[in-house]
Amino acid sequence: MENTKFRNRLAGVMITRRIITLVLVTLLAGCVLASAADNPEQKEPMTNKLVIHADQGKVTINRNIYGHFSEHLGRCIYGGFWVGKDSPIPNTRGIRNDIVKALRQIKIPVLRWPGGCFADEYHWKDGVGPPEKRPTMINTHWGGVTENNHFGTHEFLDLCEQLDCEPYICGNVGSGTTLEMQQWVEYITFDGKSPMADWRRENGRQEPWKVRYWGVGNENWGCGGRMRPEYYADLYRRFATYLRNFGGNRLYKIACGPGGANYEWTEVLMREGGRQMNGLAPHYYCGSGRRSRSATRFGEEDWFAQLERALRIDEIITKHAAIMDKYDPRKRVAMIVDEWGAWHRVEPGTNPGFLYQQNSLRDALVAGLTLNIFNQHCDRVKMANIAQTVNVLQAMILTEGDKMILTPTYHVFEMYKIHHDATLLPADLQCNDYKFGNEQIPALNASASKDKSGKIHISLCNLDPKSSAELVCELHGAVAKEVSGRVLTAEEMTAHNTFDSPQAVRPADFSDVELNGNILTATLPAKSVVVLEVE
Ligand code: AHR
(Lines give C-alpha, C1' and ligand atoms only; values in the text may rest on other atoms or scores of the structure.)
Protein backbone atom coordinates (compact mmCIF):
# COMPACT_ATOMS: atom_id res chain seq x y z
CA MET A 1 0.00 0.00 0.00
CA GLU A 2 2.76 2.39 1.08
CA ASN A 3 4.63 1.44 -2.05
CA THR A 4 1.64 2.16 -4.28
CA LYS A 5 1.17 5.57 -2.66
CA PHE A 6 4.82 6.29 -3.22
CA ARG A 7 4.74 5.22 -6.85
CA ASN A 8 1.58 7.35 -7.46
CA ARG A 9 3.40 10.32 -6.03
CA LEU A 10 6.30 9.71 -8.40
CA ALA A 11 3.86 9.59 -11.32
CA GLY A 12 2.31 12.88 -10.15
CA VAL A 13 5.68 14.57 -10.29
CA MET A 14 5.87 13.63 -13.98
CA ILE A 15 3.30 16.19 -15.10
CA THR A 16 5.20 19.02 -13.46
CA ARG A 17 8.37 17.66 -14.96
CA ARG A 18 6.96 17.65 -18.50
CA ILE A 19 6.23 21.38 -18.24
CA ILE A 20 9.69 22.03 -16.89
CA THR A 21 11.14 19.91 -19.68
CA LEU A 22 9.56 22.10 -22.36
CA VAL A 23 11.01 25.21 -20.80
CA LEU A 24 14.44 23.68 -20.42
CA VAL A 25 14.60 22.38 -23.94
CA THR A 26 13.69 25.84 -25.26
CA LEU A 27 16.42 27.39 -23.16
CA LEU A 28 18.96 24.87 -24.37
CA ALA A 29 18.02 25.46 -27.99
CA GLY A 30 18.79 29.14 -27.51
CA CYS A 31 22.06 28.33 -25.77
CA VAL A 32 21.06 30.42 -22.80
CA LEU A 33 21.22 27.84 -20.11
CA ALA A 34 21.71 30.01 -17.08
CA SER A 35 23.77 28.82 -14.18
CA ALA A 36 23.36 29.96 -10.60
CA ALA A 37 27.13 29.69 -10.29
CA ASP A 38 27.44 32.57 -12.79
CA ASN A 39 25.32 34.77 -10.63
CA PRO A 40 26.09 34.67 -6.94
CA GLU A 41 22.98 36.72 -6.18
CA GLN A 42 20.68 34.11 -7.64
CA LYS A 43 19.00 31.99 -4.98
CA GLU A 44 17.05 29.67 -7.31
CA PRO A 45 18.71 26.29 -7.87
CA MET A 46 20.52 26.11 -11.18
CA THR A 47 19.62 23.49 -13.72
CA ASN A 48 21.50 20.30 -13.18
CA LYS A 49 23.30 19.70 -16.44
CA LEU A 50 25.18 16.68 -17.66
CA VAL A 51 27.08 16.75 -20.94
CA ILE A 52 28.17 13.36 -22.22
CA HIS A 53 30.79 13.13 -24.96
CA ALA A 54 29.48 9.97 -26.56
CA ASP A 55 32.06 9.94 -29.35
CA GLN A 56 35.09 10.47 -27.13
CA GLY A 57 35.31 7.28 -25.10
CA LYS A 58 38.79 5.76 -24.98
CA VAL A 59 39.15 3.69 -21.83
CA THR A 60 37.40 0.45 -20.90
CA ILE A 61 35.69 0.04 -17.55
CA ASN A 62 37.26 -3.21 -16.39
CA ARG A 63 34.45 -5.50 -15.20
CA ASN A 64 36.64 -6.39 -12.21
CA ILE A 65 35.76 -2.99 -10.75
CA TYR A 66 32.53 -4.80 -9.85
CA GLY A 67 34.47 -7.44 -7.87
CA HIS A 68 33.79 -8.89 -4.44
CA PHE A 69 35.58 -10.05 -1.33
CA SER A 70 34.97 -13.06 0.91
CA GLU A 71 36.86 -13.58 4.14
CA HIS A 72 36.83 -16.24 6.82
CA LEU A 73 35.00 -13.78 9.02
CA GLY A 74 31.72 -14.25 10.86
CA ARG A 75 29.17 -15.89 8.56
CA CYS A 76 30.66 -14.97 5.20
CA ILE A 77 32.09 -18.43 4.48
CA TYR A 78 30.59 -20.73 7.13
CA GLY A 79 26.84 -20.22 7.24
CA GLY A 80 27.14 -18.04 4.14
CA PHE A 81 28.67 -19.51 1.00
CA TRP A 82 29.46 -22.82 2.67
CA VAL A 83 26.84 -24.99 4.30
CA GLY A 84 28.59 -28.34 3.82
CA LYS A 85 27.63 -31.27 1.64
CA ASP A 86 25.24 -32.79 4.19
CA SER A 87 23.23 -29.64 4.76
CA PRO A 88 19.47 -29.72 4.06
CA ILE A 89 19.98 -26.32 2.41
CA PRO A 90 20.28 -27.00 -1.34
CA ASN A 91 23.96 -26.99 -2.23
CA THR A 92 26.45 -28.20 -4.79
CA ARG A 93 29.42 -29.89 -3.12
CA GLY A 94 28.71 -27.86 0.04
CA ILE A 95 28.27 -24.47 -1.66
CA ARG A 96 24.84 -22.85 -1.34
CA ASN A 97 22.92 -22.85 -4.63
CA ASP A 98 20.76 -19.79 -3.99
CA ILE A 99 23.80 -17.61 -3.31
CA VAL A 100 25.57 -18.82 -6.44
CA LYS A 101 22.46 -18.11 -8.51
CA ALA A 102 22.07 -14.60 -7.11
CA LEU A 103 25.73 -13.72 -7.67
CA ARG A 104 25.69 -15.07 -11.21
CA GLN A 105 22.83 -12.67 -11.87
CA ILE A 106 25.07 -9.72 -11.09
CA LYS A 107 27.82 -11.32 -13.17
CA ILE A 108 30.29 -11.36 -10.32
CA PRO A 109 33.60 -11.03 -12.16
CA VAL A 110 36.21 -11.71 -9.48
CA LEU A 111 36.24 -12.93 -5.86
CA ARG A 112 39.01 -12.20 -3.36
CA TRP A 113 39.79 -14.75 -0.61
CA PRO A 114 40.67 -15.81 2.17
CA GLY A 115 41.09 -12.35 3.76
CA GLY A 116 41.55 -9.60 4.86
CA CYS A 117 43.34 -9.84 8.17
CA PHE A 118 42.65 -13.59 8.14
CA ALA A 119 44.95 -14.01 5.11
CA ASP A 120 48.09 -13.18 7.10
CA GLU A 121 47.28 -15.88 9.64
CA TYR A 122 46.10 -18.49 7.17
CA HIS A 123 48.24 -21.50 6.33
CA TRP A 124 46.84 -22.99 3.15
CA LYS A 125 48.23 -26.49 3.71
CA ASP A 126 45.84 -26.86 6.67
CA GLY A 127 42.94 -26.41 4.25
CA VAL A 128 43.53 -29.23 1.74
CA GLY A 129 43.10 -33.00 1.93
CA PRO A 130 40.32 -34.98 3.61
CA PRO A 131 38.28 -32.45 5.62
CA GLU A 132 38.12 -34.61 8.76
CA LYS A 133 41.91 -34.69 8.87
CA ARG A 134 42.42 -30.96 8.45
CA PRO A 135 43.81 -29.27 11.57
CA THR A 136 41.87 -26.50 13.22
CA MET A 137 43.08 -23.00 14.07
CA ILE A 138 41.81 -20.04 16.04
CA ASN A 139 40.48 -17.16 14.02
CA THR A 140 42.02 -14.59 16.36
CA HIS A 141 40.98 -11.52 14.38
CA TRP A 142 37.35 -12.39 14.01
CA GLY A 143 35.63 -13.49 17.19
CA GLY A 144 38.26 -15.97 18.38
CA VAL A 145 36.26 -18.84 16.91
CA THR A 146 37.68 -22.19 15.89
CA GLU A 147 38.24 -22.48 12.16
CA ASN A 148 37.90 -26.10 11.02
CA ASN A 149 39.47 -25.49 7.62
CA HIS A 150 36.67 -27.32 5.83
CA PHE A 151 36.54 -24.54 3.28
CA GLY A 152 40.00 -24.39 1.70
CA THR A 153 41.69 -24.06 -1.66
CA HIS A 154 39.68 -26.73 -3.52
CA GLU A 155 36.38 -25.45 -2.15
CA PHE A 156 37.21 -21.83 -3.00
CA LEU A 157 38.22 -22.66 -6.54
CA ASP A 158 35.10 -24.80 -6.94
CA LEU A 159 33.06 -21.80 -5.76
CA CYS A 160 34.71 -19.58 -8.39
CA GLU A 161 33.97 -22.17 -11.07
CA GLN A 162 30.34 -22.33 -9.98
CA LEU A 163 30.16 -18.53 -10.02
CA ASP A 164 32.04 -18.34 -13.31
CA CYS A 165 34.29 -15.67 -11.86
CA GLU A 166 38.04 -15.23 -11.54
CA PRO A 167 39.68 -16.15 -8.25
CA TYR A 168 41.90 -13.65 -6.47
CA ILE A 169 43.96 -15.24 -3.70
CA CYS A 170 45.67 -13.22 -0.99
CA GLY A 171 48.81 -14.90 0.38
CA ASN A 172 50.26 -14.78 3.87
CA VAL A 173 53.18 -12.39 4.37
CA GLY A 174 52.58 -11.44 8.02
CA SER A 175 53.05 -14.88 9.55
CA GLY A 176 53.90 -16.95 6.49
CA THR A 177 57.01 -17.66 4.45
CA THR A 178 58.04 -17.17 0.86
CA LEU A 179 58.24 -20.96 0.51
CA GLU A 180 54.67 -21.37 1.72
CA MET A 181 53.31 -18.88 -0.81
CA GLN A 182 55.55 -20.21 -3.57
CA GLN A 183 54.26 -23.72 -2.95
CA TRP A 184 50.65 -22.53 -2.96
CA VAL A 185 51.14 -21.22 -6.50
CA GLU A 186 52.82 -24.50 -7.45
CA TYR A 187 50.02 -26.58 -5.89
CA ILE A 188 47.32 -24.72 -7.77
CA THR A 189 48.88 -23.97 -11.13
CA PHE A 190 51.73 -26.39 -11.94
CA ASP A 191 50.81 -28.79 -14.72
CA GLY A 192 53.87 -31.09 -14.51
CA LYS A 193 55.12 -33.50 -11.89
CA SER A 194 56.21 -31.92 -8.62
CA PRO A 195 55.63 -32.51 -4.92
CA MET A 196 52.86 -29.89 -4.74
CA ALA A 197 51.18 -30.79 -8.04
CA ASP A 198 51.24 -34.47 -7.07
CA TRP A 199 49.68 -33.63 -3.72
CA ARG A 200 46.91 -31.70 -5.53
CA ARG A 201 46.21 -34.78 -7.66
CA GLU A 202 46.10 -36.99 -4.55
CA ASN A 203 43.54 -34.56 -3.18
CA GLY A 204 41.31 -35.09 -6.18
CA ARG A 205 42.23 -32.44 -8.74
CA GLN A 206 44.11 -33.65 -11.80
CA GLU A 207 44.29 -30.52 -13.92
CA PRO A 208 45.86 -27.36 -12.56
CA TRP A 209 43.62 -24.36 -12.07
CA LYS A 210 44.31 -21.01 -13.61
CA VAL A 211 44.71 -18.38 -10.91
CA ARG A 212 45.99 -15.11 -12.18
CA TYR A 213 45.49 -12.68 -9.32
CA TRP A 214 47.73 -13.04 -6.25
CA GLY A 215 47.86 -10.59 -3.41
CA VAL A 216 51.12 -10.45 -1.48
CA GLY A 217 49.79 -9.85 2.02
CA ASN A 218 46.95 -7.71 3.31
CA GLU A 219 47.09 -4.44 5.25
CA ASN A 220 50.68 -5.13 6.20
CA TRP A 221 50.79 -1.66 7.75
CA GLY A 222 48.17 -2.95 10.26
CA CYS A 223 46.81 -6.42 11.00
CA GLY A 224 49.21 -7.92 8.44
CA GLY A 225 52.34 -7.23 10.51
CA ARG A 226 52.42 -3.51 11.44
CA MET A 227 55.24 -2.92 8.96
CA ARG A 228 56.86 0.26 7.77
CA PRO A 229 56.46 0.82 4.02
CA GLU A 230 60.22 0.42 3.46
CA TYR A 231 60.24 -2.95 5.22
CA TYR A 232 57.12 -4.18 3.43
CA ALA A 233 58.47 -3.01 0.05
CA ASP A 234 61.53 -5.21 0.55
CA LEU A 235 59.39 -8.14 1.65
CA TYR A 236 57.08 -7.61 -1.30
CA ARG A 237 60.02 -7.81 -3.71
CA ARG A 238 61.29 -10.96 -2.04
CA PHE A 239 57.93 -12.76 -2.02
CA ALA A 240 57.07 -11.65 -5.55
CA THR A 241 60.38 -13.04 -6.85
CA TYR A 242 59.38 -16.59 -5.92
CA LEU A 243 55.86 -16.49 -7.30
CA ARG A 244 56.36 -18.27 -10.61
CA ASN A 245 54.42 -18.61 -13.83
CA PHE A 246 53.68 -22.24 -14.66
CA GLY A 247 52.29 -23.47 -17.96
CA GLY A 248 50.02 -20.85 -19.45
CA ASN A 249 49.24 -19.29 -16.07
CA ARG A 250 50.56 -15.73 -15.97
CA LEU A 251 50.55 -14.26 -12.47
CA TYR A 252 49.31 -10.79 -11.77
CA LYS A 253 51.01 -9.74 -8.55
CA ILE A 254 49.30 -7.26 -6.27
CA ALA A 255 51.12 -5.44 -3.50
CA CYS A 256 49.46 -4.32 -0.29
CA GLY A 257 48.44 -0.71 -0.73
CA PRO A 258 47.76 2.13 1.68
CA GLY A 259 44.89 2.54 4.10
CA GLY A 260 42.83 5.55 2.97
CA ALA A 261 44.88 8.70 2.63
CA ASN A 262 48.30 7.26 3.58
CA TYR A 263 50.14 8.75 0.61
CA GLU A 264 53.57 7.97 2.03
CA TRP A 265 52.85 4.25 1.69
CA THR A 266 52.09 4.65 -2.02
CA GLU A 267 55.17 6.82 -2.56
CA VAL A 268 57.52 4.28 -0.96
CA LEU A 269 55.90 1.23 -2.56
CA MET A 270 55.93 2.73 -6.04
CA ARG A 271 59.49 3.94 -5.62
CA GLU A 272 60.88 0.72 -4.17
CA GLY A 273 58.66 -1.95 -5.73
CA GLY A 274 56.68 -0.40 -8.58
CA ARG A 275 58.64 -2.25 -11.24
CA GLN A 276 57.92 -5.63 -9.64
CA MET A 277 54.17 -5.26 -9.24
CA ASN A 278 51.11 -5.42 -11.47
CA GLY A 279 48.82 -3.82 -8.96
CA LEU A 280 48.80 -1.80 -5.76
CA ALA A 281 45.80 -2.27 -3.48
CA PRO A 282 44.53 0.63 -1.37
CA HIS A 283 41.64 0.11 1.05
CA TYR A 284 39.00 2.66 1.91
CA TYR A 285 36.11 2.23 4.32
CA CYS A 286 33.76 5.19 4.58
CA GLY A 287 32.62 4.36 8.11
CA SER A 288 29.07 5.01 9.22
CA GLY A 289 26.94 7.90 10.39
CA ARG A 290 28.16 10.66 12.69
CA ARG A 291 25.63 10.54 15.52
CA SER A 292 24.42 6.97 15.06
CA ARG A 293 26.49 4.11 13.75
CA SER A 294 23.45 1.90 13.31
CA ALA A 295 22.90 0.57 9.79
CA THR A 296 19.16 1.23 9.96
CA ARG A 297 18.41 3.68 12.76
CA PHE A 298 19.84 7.01 11.77
CA GLY A 299 18.83 10.53 10.88
CA GLU A 300 19.74 12.97 8.14
CA GLU A 301 22.92 14.07 9.91
CA ASP A 302 24.16 10.48 9.61
CA TRP A 303 22.96 10.15 6.03
CA PHE A 304 24.88 13.30 5.09
CA ALA A 305 28.04 12.35 7.02
CA GLN A 306 28.15 8.90 5.47
CA LEU A 307 27.75 10.10 1.90
CA GLU A 308 30.20 12.92 2.43
CA ARG A 309 32.82 10.39 3.59
CA ALA A 310 32.00 8.04 0.74
CA LEU A 311 32.64 10.85 -1.77
CA ARG A 312 36.14 11.36 -0.33
CA ILE A 313 37.27 8.26 -2.20
CA ASP A 314 37.48 10.46 -5.29
CA GLU A 315 40.18 12.65 -3.75
CA ILE A 316 41.95 9.62 -2.29
CA ILE A 317 42.12 7.86 -5.66
CA THR A 318 43.15 11.07 -7.42
CA LYS A 319 46.05 11.68 -5.03
CA HIS A 320 47.29 8.08 -5.02
CA ALA A 321 46.99 8.03 -8.81
CA ALA A 322 49.10 11.20 -9.06
CA ILE A 323 51.89 9.48 -7.10
CA MET A 324 51.58 6.39 -9.27
CA ASP A 325 51.75 8.58 -12.39
CA LYS A 326 55.08 9.95 -11.17
CA TYR A 327 56.66 6.48 -11.11
CA ASP A 328 54.52 4.82 -13.76
CA PRO A 329 53.36 7.42 -16.28
CA ARG A 330 52.27 4.70 -18.71
CA LYS A 331 49.85 3.33 -16.11
CA ARG A 332 51.19 -0.22 -16.23
CA VAL A 333 50.55 -0.73 -12.52
CA ALA A 334 46.85 -0.94 -11.71
CA MET A 335 45.12 0.47 -8.69
CA ILE A 336 43.16 -2.40 -7.15
CA VAL A 337 40.83 -1.10 -4.43
CA ASP A 338 40.43 -4.55 -2.94
CA GLU A 339 38.44 -3.48 0.12
CA TRP A 340 35.87 -0.71 0.28
CA GLY A 341 32.44 0.02 1.68
CA ALA A 342 30.42 1.21 4.65
CA TRP A 343 31.16 -0.09 8.14
CA HIS A 344 28.31 0.18 10.65
CA ARG A 345 27.82 -1.08 14.18
CA VAL A 346 26.90 -4.78 14.19
CA GLU A 347 23.23 -5.70 14.44
CA PRO A 348 22.07 -5.81 18.08
CA GLY A 349 22.60 -9.19 19.70
CA THR A 350 25.17 -10.41 17.16
CA ASN A 351 28.85 -11.21 17.82
CA PRO A 352 30.83 -7.93 17.52
CA GLY A 353 33.66 -9.92 15.91
CA PHE A 354 31.39 -11.09 13.08
CA LEU A 355 30.72 -7.66 11.54
CA TYR A 356 27.14 -8.55 10.60
CA GLN A 357 25.31 -5.37 9.57
CA GLN A 358 22.06 -4.53 7.83
CA ASN A 359 22.07 -2.64 4.57
CA SER A 360 19.77 0.28 3.75
CA LEU A 361 19.03 2.64 0.90
CA ARG A 362 21.92 4.75 2.26
CA ASP A 363 24.30 1.85 1.52
CA ALA A 364 22.88 1.67 -2.00
CA LEU A 365 23.81 5.33 -2.48
CA VAL A 366 27.30 4.63 -1.10
CA ALA A 367 27.67 1.82 -3.64
CA GLY A 368 26.21 3.83 -6.52
CA LEU A 369 28.40 6.87 -6.03
CA THR A 370 31.55 4.83 -5.34
CA LEU A 371 31.10 2.73 -8.47
CA ASN A 372 30.56 5.92 -10.48
CA ILE A 373 33.84 7.25 -9.09
CA PHE A 374 35.67 4.00 -9.92
CA ASN A 375 34.28 4.19 -13.46
CA GLN A 376 35.56 7.73 -13.77
CA HIS A 377 39.04 6.54 -12.73
CA CYS A 378 39.06 3.44 -14.91
CA ASP A 379 42.31 4.48 -16.57
CA ARG A 380 44.03 3.51 -13.30
CA VAL A 381 41.48 1.55 -11.26
CA LYS A 382 41.27 -1.91 -12.79
CA MET A 383 39.70 -3.87 -9.95
CA ALA A 384 37.77 -3.18 -6.77
CA ASN A 385 36.28 -5.59 -4.24
CA ILE A 386 33.47 -4.47 -2.01
CA ALA A 387 33.68 -5.78 1.56
CA GLN A 388 32.12 -8.29 1.78
CA THR A 389 29.87 -10.58 -0.25
CA VAL A 390 27.67 -12.40 2.29
CA ASN A 391 26.67 -11.55 5.90
CA VAL A 392 29.66 -9.28 6.56
CA LEU A 393 29.90 -5.47 6.32
CA GLN A 394 28.30 -4.00 3.17
CA ALA A 395 27.05 -7.33 1.90
CA MET A 396 25.15 -8.24 -1.24
CA ILE A 397 23.35 -11.07 0.51
CA LEU A 398 22.16 -11.79 4.05
CA THR A 399 21.20 -15.27 5.18
CA GLU A 400 19.23 -16.67 8.08
CA GLY A 401 19.07 -20.46 8.09
CA ASP A 402 17.77 -21.49 4.68
CA LYS A 403 16.47 -17.97 3.93
CA MET A 404 18.37 -15.44 1.88
CA ILE A 405 17.70 -11.78 1.10
CA LEU A 406 19.24 -9.42 -1.41
CA THR A 407 20.33 -6.05 -0.07
CA PRO A 408 19.89 -2.63 -1.69
CA THR A 409 23.64 -2.77 -2.43
CA TYR A 410 23.10 -5.99 -4.40
CA HIS A 411 20.52 -4.19 -6.51
CA VAL A 412 22.98 -1.43 -7.36
CA PHE A 413 25.51 -4.02 -8.55
CA GLU A 414 22.77 -5.62 -10.62
CA MET A 415 21.72 -2.28 -12.15
CA TYR A 416 25.33 -1.25 -12.86
CA LYS A 417 26.39 -4.49 -14.56
CA ILE A 418 25.72 -2.73 -17.85
CA HIS A 419 29.03 -0.89 -17.28
CA HIS A 420 31.10 -4.11 -17.26
CA ASP A 421 33.76 -3.86 -19.98
CA ALA A 422 31.98 -0.91 -21.58
CA THR A 423 33.83 2.20 -22.73
CA LEU A 424 33.79 5.09 -20.29
CA LEU A 425 32.29 8.22 -21.84
CA PRO A 426 33.77 11.50 -20.66
CA ALA A 427 31.06 13.52 -18.91
CA ASP A 428 30.78 16.97 -17.36
CA LEU A 429 28.29 17.39 -14.56
CA GLN A 430 27.14 20.74 -13.18
CA CYS A 431 24.79 20.31 -10.28
CA ASN A 432 23.29 21.86 -7.20
CA ASP A 433 24.59 21.15 -3.76
CA TYR A 434 22.86 19.07 -1.18
CA LYS A 435 23.18 21.19 1.97
CA PHE A 436 22.94 20.01 5.51
CA GLY A 437 23.60 22.52 8.30
CA ASN A 438 26.67 24.47 7.26
CA GLU A 439 27.99 21.75 5.03
CA GLN A 440 27.35 20.75 1.47
CA ILE A 441 28.17 18.10 -1.08
CA PRO A 442 27.23 17.90 -4.75
CA ALA A 443 23.70 16.53 -4.88
CA LEU A 444 24.29 14.45 -7.99
CA ASN A 445 26.92 11.99 -9.07
CA ALA A 446 27.11 10.23 -12.44
CA SER A 447 29.05 8.11 -14.88
CA ALA A 448 28.34 7.01 -18.44
CA SER A 449 29.53 4.27 -20.75
CA LYS A 450 28.94 2.81 -24.18
CA ASP A 451 28.68 -0.96 -24.52
CA LYS A 452 29.79 -3.12 -27.43
CA SER A 453 26.38 -2.91 -29.10
CA GLY A 454 26.51 0.90 -29.00
CA LYS A 455 24.00 1.39 -26.19
CA ILE A 456 24.77 4.23 -23.80
CA HIS A 457 24.18 3.79 -20.08
CA ILE A 458 24.13 6.59 -17.57
CA SER A 459 24.16 5.82 -13.85
CA LEU A 460 23.02 8.66 -11.61
CA CYS A 461 22.74 9.13 -7.87
CA ASN A 462 20.66 11.81 -6.22
CA LEU A 463 22.17 12.08 -2.74
CA ASP A 464 19.63 14.59 -1.47
CA PRO A 465 17.14 12.72 0.71
CA LYS A 466 14.48 15.44 0.50
CA SER A 467 14.51 16.96 -3.00
CA SER A 468 14.14 15.44 -6.40
CA ALA A 469 16.45 16.85 -9.08
CA GLU A 470 15.65 17.99 -12.60
CA LEU A 471 18.43 16.93 -14.91
CA VAL A 472 19.10 17.99 -18.47
CA CYS A 473 21.55 15.74 -20.22
CA GLU A 474 23.09 16.51 -23.60
CA LEU A 475 24.50 13.63 -25.60
CA HIS A 476 27.22 14.91 -27.88
CA GLY A 477 28.23 12.77 -30.83
CA ALA A 478 25.47 10.19 -30.62
CA VAL A 479 22.18 9.61 -32.35
CA ALA A 480 19.65 8.79 -29.68
CA LYS A 481 16.35 7.16 -30.53
CA GLU A 482 14.99 5.73 -27.34
CA VAL A 483 15.52 5.98 -23.62
CA SER A 484 14.45 3.72 -20.79
CA GLY A 485 15.49 3.46 -17.19
CA ARG A 486 15.38 1.81 -13.80
CA VAL A 487 15.35 3.37 -10.36
CA LEU A 488 16.16 2.25 -6.84
CA THR A 489 14.57 4.37 -4.14
CA ALA A 490 12.17 4.18 -1.21
CA GLU A 491 10.13 6.46 0.97
CA GLU A 492 12.46 6.31 3.98
CA MET A 493 16.22 6.91 4.08
CA THR A 494 16.50 3.91 6.35
CA ALA A 495 14.50 1.54 4.11
CA HIS A 496 16.00 -1.93 3.97
CA ASN A 497 15.07 -5.50 3.20
CA THR A 498 14.35 -7.96 5.97
CA PHE A 499 13.52 -11.65 6.04
CA ASP A 500 9.88 -10.66 6.63
CA SER A 501 9.89 -7.99 3.96
CA PRO A 502 12.57 -8.99 1.44
CA GLN A 503 11.35 -6.73 -1.39
CA ALA A 504 11.01 -3.42 0.48
CA VAL A 505 13.86 -1.93 -1.57
CA ARG A 506 14.08 -3.20 -5.12
CA PRO A 507 14.54 -1.63 -8.54
CA ALA A 508 11.52 -0.42 -10.48
CA ASP A 509 11.03 0.85 -14.01
CA PHE A 510 11.81 4.51 -14.36
CA SER A 511 9.71 6.46 -16.80
CA ASP A 512 10.32 9.98 -15.61
CA VAL A 513 12.64 10.69 -18.51
CA GLU A 514 12.16 12.10 -22.00
CA LEU A 515 14.24 12.33 -25.10
CA ASN A 516 14.12 15.28 -27.47
CA GLY A 517 16.72 14.89 -30.19
CA ASN A 518 19.90 14.39 -28.25
CA ILE A 519 18.64 15.98 -25.08
CA LEU A 520 17.40 13.91 -22.21
CA THR A 521 15.43 15.41 -19.37
CA ALA A 522 14.75 13.48 -16.24
CA THR A 523 13.52 14.00 -12.72
CA LEU A 524 15.65 12.02 -10.34
CA PRO A 525 13.69 11.21 -7.20
CA ALA A 526 15.17 12.22 -3.86
CA LYS A 527 17.61 9.58 -2.49
CA SER A 528 17.71 7.47 -5.59
CA VAL A 529 19.97 5.55 -7.91
CA VAL A 530 18.83 5.70 -11.54
CA VAL A 531 20.30 3.93 -14.55
CA LEU A 532 19.27 5.12 -18.01
CA GLU A 533 19.74 3.22 -21.23
CA VAL A 534 19.89 5.16 -24.48
CA GLU A 535 19.68 3.40 -27.83
O1 AHR B 1 36.89 -6.46 5.81
C2 AHR B 1 37.17 -6.56 7.16
C3 AHR B 1 38.61 -6.23 7.49
O4 AHR B 1 38.86 -4.90 7.19
C5 AHR B 1 39.65 -6.97 6.69
O6 AHR B 1 39.93 -8.21 7.22
C7 AHR B 1 40.83 -6.07 6.80
O8 AHR B 1 41.69 -6.18 5.70
C9 AHR B 1 40.24 -4.68 6.93
O10 AHR B 1 40.78 -3.97 7.96
Side-chain angles (χ1 to χ4, degrees), residues 67-81 110-123 137-145 147 151 156 168-176 213-227 229 232 236 254-262 265 269 279-288 293 295 309-310 313 316 335-347 350-359 363 366-367 370 383-398 407 409:
H68 295 265
F69 170 38
S70 55
E71 179 165 12
H72 288 238
L73 194 179
R75 295 188 301 116
C76 182
I77 301 293
Y78 302 106
F81 280 115
V110 61
L111 185 61
R112 178 174 182 251
W113 173 84
C117 296
F118 181 78
D120 282 288
E121 270 199 318
Y122 181 61
H123 299 284
M137 66 178 279
I138 307 166
N139 191 336
T140 55
H141 282 292
W142 306 119
V145 294
E147 159 71 54
F151 188 92
F156 172 64
Y168 168 15
I169 292 182
C170 184
N172 180 344
V173 172
S175 69
Y213 298 113
W214 286 83
V216 180
N218 170 77
E219 295 193 355
N220 301 94
W221 36 264
C223 64
R226 312 236 183 287
M227 301 173 194
Y232 172 75
Y236 171 79
I254 300 167
C256 160
N262 182 350
W265 185 275
L269 262 289
L280 181 69
H283 289 177
Y284 180 66
Y285 287 98
C286 58
S288 185
R293 291 201 50 220
R309 270 197 300 266
I313 199 167
I316 286 172
M335 195 185 296
I336 307 281
V337 188
D338 62 16
E339 286 185 35
W340 67 272
W343 193 315
H344 306 298
R345 185 163 286 152
V346 297
E347 284 301 294
T350 65
N351 186 331
F354 281 14
L355 309 186
Y356 176 73
Q357 64 189 40
Q358 249 293 357
N359 194 298
D363 297 283
V366 167
T370 305
M383 189 198 291
N385 309 74
I386 187 169
Q388 299 191 6
T389 325
V390 186
N391 290 333
V392 171
L393 297 177
Q394 194 177 345
M396 307 298 110
I397 291 172
L398 304 177
T407 64
T409 299

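On a predicted model such as this, the values are computed, not experimentally measured, just so you know. Ligands are counted one by one from 1 in listed order, and the atoms in each one are counted from 1 as well.
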Heavy-atom distances under 4.0 Å are what count here, so tell me which part of [X] touches ligand 1: side chain, backbone, both or neither.
X: E71; answer: side chain
X: W343; answer: side chain
X: V392; answer: neither
X: Y285; answer: side chain

State the atoms of ligand 1, each with its element, that fall below the 4.0 Å cut-off from a heavy-atom position in [X].
X: Q388; value: 1 (O), 2 (C)
X: F69; value: 1 (O)
X: C117; value: 5 (C), 6 (O), 7 (C), 8 (O)

Q | Distance (rounded to the nearest 0.5 Å) between H141 NE2 and F118 CZ | A |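 Interatomic distance, H141 NE2 to F118 CZ, rounded to 0.5 Å: 9.5 Å.
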**Q.** Straight-line distance of N218 CG to I254 CD1, nearest 0.5 Å
**A.**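 If I round to the nearest 0.5 Å, the distance is 11.5 Å.
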Q. Side chains of N385 and Y168: donor-acceptor distance under 3.5 Å anywhere?
A. no
Q. Contact between F118 and ligand 1, counting heavy atoms under 4.0 Å?
A.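 Contact absent.
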Q) When you measure from the side chain of Y232 to the backbone N and O of G225, does any donor-acceptor pair fall under 3.5 Å? A) no
